[in-house]
Amino acid sequence: MAVQQNKKSPSKRGMHRAHDFLAGPATAIEPTTGETHLRHHISPTGFYRGKKVVKTKGE
């Protein structure tokens, strides 16, 4: 069984817990359509950085 060798200081404890309250995922706005999508992903209509990269069902 693992046993703690040294007490964790309040500073280190706070650093350990620092990532518990992260913000939501980063989003970007497509310049051509104005849609919101995850960064580094294509928009729902198939645009990436202002260019059409994937054909959608309607096309």
Rounded at 0.5 Å granularity, tell me how far OG in S9 sits from CE in M15. 7.0 Å
Working to the nearest 0.5 angstrom, can you tell me the gap between K52 NZ and S43 OG? 7.0 Å
Is it the case that more than 12 heavy atoms not belonging to Q4 sit under 6.0 Å from its CD atom? yes
Nearest heavy-atom pair of [X] and [Y]: which atoms, and what distance?
| X | Y | result |
| --- | --- | --- |
| E30 | G50 | OE2-N, 2.7 Å |
| P25 | L38 | CB-CD2, 3.8 Å |
| T56 | T45 | CG2-O, 3.1 Å |

Where the side chain of K12 meets the backbone of K7, is there a donor-acceptor pair that is under 3.5 Å apart? no
Any donor-acceptor N/O pair, H41 side chain to R39 backbone, under 3.5 Å: yes
I'd like to know whether F47 forms a side chain to side chain contact (heavy atoms under 4.5 Å, CB included) with H37, so could you lay out the CA-CA distance, the side-chain angles of the two residues, the decisive distance to 0.1 Å, and finally the verdict. CA-CA 10 Å; F47 282 89; H37 60 91; over 6 Å; no
